[in-house]
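To keep things clear, I will list the structure first and then write my remarks on it.
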Amino acid sequence: MELYIYNSSRELTGIVESFEYLRWTRRYSQCGSFELKAIATPQNTALLQEGNFIWKNDDEEAGIIEHLEMEQAEKEIITASGRFATSFLSRRITWQMEKLSGDLSSCVGQLLNNHLISPAETARRIDGIAFSSPNLGVAVSTQISYKNLMDAVTELCGASEIGIKTVFAPATRVFTVALYKGADSQAVFSKEYENLTEQSYTESAADYANTALIGGEGEGESRTFAAITSGSGETRREIFVDAKDLQKTDFGDGYTDALIFRGQSKLSEQEIRYSFDTSVNPHGDLTYKTDFDLGQTVKVMSKAWGVSMTTRITEIEETYDADGLSISVVFGKAELTIAQKMRSDMSEVKTALSAPAGIAEVTEALDAVSGTLGNLSEVDPDIQGETFTATVNNLFGKLPALEITVGAGTISAGQYALRHMEPGDSLYFTSWSGNKFSDQPSDDGQVFLVKHNGDSTGTGYQRAMGFFISRNTMTFYVISIFIYNNPSGAANWLNINNEPITTARLASGAVTTAKIAQEADASITYSLGSGVTMGANMSFVNKGVVSIGMQVNVGSSGVASGGTILAITNANFYPYAMVRCVATAVGGSGTNMPITISASGVVANAASSTLPTGYYLISCSYARA
C-alpha cells in the first residue's frame, strides 16, 4: 500500500514514503474519514497541505486534507486529517426547493446536477465531478429545500440502505460519485471460528418506533393525514411526523406517497439498533476485500451470547501502525450520535417554521429538541427572580444572545438574501463560523430565522428573529436581526456582534403593568366603511400576537381601491408588524382580494380594482405594538 498525494488541481505531487500511523475509515451510507501521522520532514510537510488529496493505491476513494496539526515531543509529528471526497457535496446546499419523484438513483442525480455538477449558476459548479448509479429499485417521493447537499443525499441513502462512494480516477482526475447496493456474502464471523479477536454487541430500542401518523397540509379537521401502522398493544410504538412543508399542489395524485415516504424515512431513523463492533483476526479464515467488504451482508454470531444475525457491514476502519494492519468492522446500525439526533430533531423545528404553522406546532417541534438538549425553557435558579418581571429581565442578561445590526447594503444569510423574504417566511441554514453565518459545511450549529416585517425589496427596516443552537457547546442563542435599506443586488455576509445588554433592551423586554393590561384586553371595537355591514366577528389574543377573523358584507357599490373596509378603534389592537392579511370570498360570491391594515388599524382594499359586492372573511394576523 502506498499513499499518493495530489494537489488541489489533482496533479500528483509526491508519495508519503513513511508514516507513523494511518486510520482509514470507510462508511457505507455516510462519508468516510482518515487521519495520518507522519514525521514532519520537509518533504512530508510540503506534501501534507490543506486542500491536497490522499489516495491509497489499493482503494477507490481519496481523502481531502481538511485539518493539520504539528506537535513535538520525542519526534516532530505532523497530523493530517479530513474526510473522503464525498465531502465535496457538503460544500453545497439545495439552493431552491427540489421535488424528488422516481428511483433513488435519478433523484440523487437530480440533486447533484442542479447543485454541484451543472447548476444554473456557474460559480456553484465544481469541475471534474461525475455521477454514476444503476437503477436501484428504490422509489422516492419527497421535496428538499435549503439543506446541506451531503446531508440530503446520505439521509436518502441511509433510509434506503444504499451505499455511496466517490471514486477517484488519477488518469482522468475525475471524481465519480457512485451509488451501489452491497452484495450478499457467504462469510460468517464468530469468535468461535477464530476470525474475530474482539467483539461487542449493542441492542437498543430506546428510540424505537414502528407506527407513524404523518400530518400534511391544512389545519384542524381540514388537515391531510397518512399513516404507517405496525404492531398492537405493547408492541405498537407511535410517533407523529410533521410534514406541513409538503404541499399537495407540488405532488398532485402522488401526495399521499410523499407523506408515506416522509414517514418511512423517519421510522428508519428510529428502528431498533443492532450492531456488532469487532476486530477482525488478520490470520483468520476470511480475507478482507476477498471474502468480505464494505456494504456486504454477512452472518455474525456468538454462541456464548446466543446472538446470530445476518446484517450489513456499515463501517470498516483500517489502522496501519508499527504492528501492521488491523481491521475493525461495524455490523448493522449503530446508535445515533448526539449530532445525528440533533439533525433529526432540528428538521422537525425547520418544518414547523417553514410551514404555515402556529406557535403550537413550533412548540411541539421544540419539545423534540428538548429530548436531546434538555428543557430549553427551564429557568436556572441563578436566573429566577423574586417576581416574573425580574425573571424576564434576568433572562435578558443571562441568556446568550447574538444581536445582528447591519448597515445599508450588507446582508445575506448563507448567501440567501433576507430582502427576498416576505413577512412570515422562514430561513434555515446549518453553519456558523467565526463571525458570520455561512452555507459552507460545519458541524457547529443550525440557524432558524423567521422574518417579521419589511418588504421583499429591501427598502426601509427589515427585521427577523430566531435562534441558533451550537452543537459544540450545546448552547441555545436567541437571534435578532435588524437591517436598514438593503437594496436589490446587495449580497454580503451577516456580521455578528455579541452586544452587551443595555438599559434600553431591558426596558423593551420587561413585563410592565401597561403590557399586561394590553394583553388582557380581549375586546375589539371597530367602525365600518361605507356600504359595509358586519356578519360576525371574533378576536383571539395570545402574548402580543393578534389573530382577527371577521365576516363582512360588501354592498352593491363595492369598496374602491384604497377604500376603507373597516377601522379597528381599540388602540391595543394596532399592529406594528404585518404577518398575514387577506379578504377571502365565502359562500361562492365575490372574489379573493388583497387587503392591508395600517398602523392605526385601518383595513383597506389593497387591490388596484374595486372590491366587488359579496361576503368576505377578513383575516388578519400580526404582532401587536
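All of these numbers come straight from a predicted model, not from anything done at the bench. Along the sequence shown, residues are numbered consecutively beginning with 1.
- Side-chain contact of R27 with S33: a donor-acceptor pair under 3.5 Å is present, judged by distance alone.
- Rounding to the nearest 0.5 angstrom, the gap separating the CG atom in L112 from the SG atom in C107 is 11.5 Å.
- The CG atom of L89 sits 7.5 Å away from the CD1 atom of I129 when rounded to the nearest 0.5 Å.
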Tabulate below the donor-acceptor pairs under 3.5 Å that side-chain atoms of residues 72-81 make, not counting sequence neighbours, or state none.
residue : atom : partner : partner atom : Å
K75     : NZ   : E20     : OE1          : 3.2
T79     : OG1  : K37     : NZ           : 3.2

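- Taking the side chain to side chain contact (heavy atoms under 4.5 Å, CB included) definition, one finds that M1 meets it with L3, F19, L22, K56, N57, D58, Y320, sequence neighbours left out.
- We find the CD-OG distance between E198 and S328 to be 7.5 Å, quoted to the nearest 0.5 Å.
- Aromatic ring centres of W24 and F84 lie closer together than 6.0 Å.
- Every residue two or more places apart in sequence or in another chain that forms a side chain to side chain contact (heavy atoms under 4.5 Å, CB included) with S326 is listed here: T319.
- When each of F189, F292, Y28 is checked for a ring-ring contact (aromatic ring centres under 6.0 Å, His included) with F331, only F189 meets the rule.
- Aromatic ring centroids of F168 and Y4 lie 6.0 Å or more apart.
- Here side-chain hydrogen bond (donor to acceptor under 3.5 Å, both in side chains) pairs that include residues 165-178, with residues two or more places apart or in two chains, are E60-K165, T86-T166.
- Once rounded to the nearest 0.5 Å, the distance linking CD1 of I65 with CG of N7 reads 11.0 Å.
- Under the salt bridge (charged side-chain N to carboxylate O under 4.0 Å, His left out) criterion, D321 pairs with no residue at all, not counting sequence neighbours.
- No donor-acceptor pair under 3.5 Å is formed between the side chain of E161 and the backbone N or O of C157.
- Residue pairs satisfying the side-chain hydrogen bond (donor to acceptor under 3.5 Å, both in side chains) criterion with at least one member in residues 118-134, sequence neighbours excluded, are listed as follows: H115-R124, R125-D127.
- A donor and an acceptor atom, one from each side chain of Q110 and E98, are located under 3.5 Å apart.
- In this structure, a donor-acceptor pair under 3.5 Å is present between the side chains of T297 and D184.
- For Y146 and Q96, the side-chain atoms include no donor-acceptor pair closer than 3.5 Å.
- Between R26 and E61 there is no salt bridge, since none of the side-chain N atoms of the basic residue sits less than 4.0 Å from a carboxylate O of the acidic one.
- For the residue pair N281 / N195, no side-chain donor-acceptor distance below 3.5 Å is found, with atom types taken as modelled.
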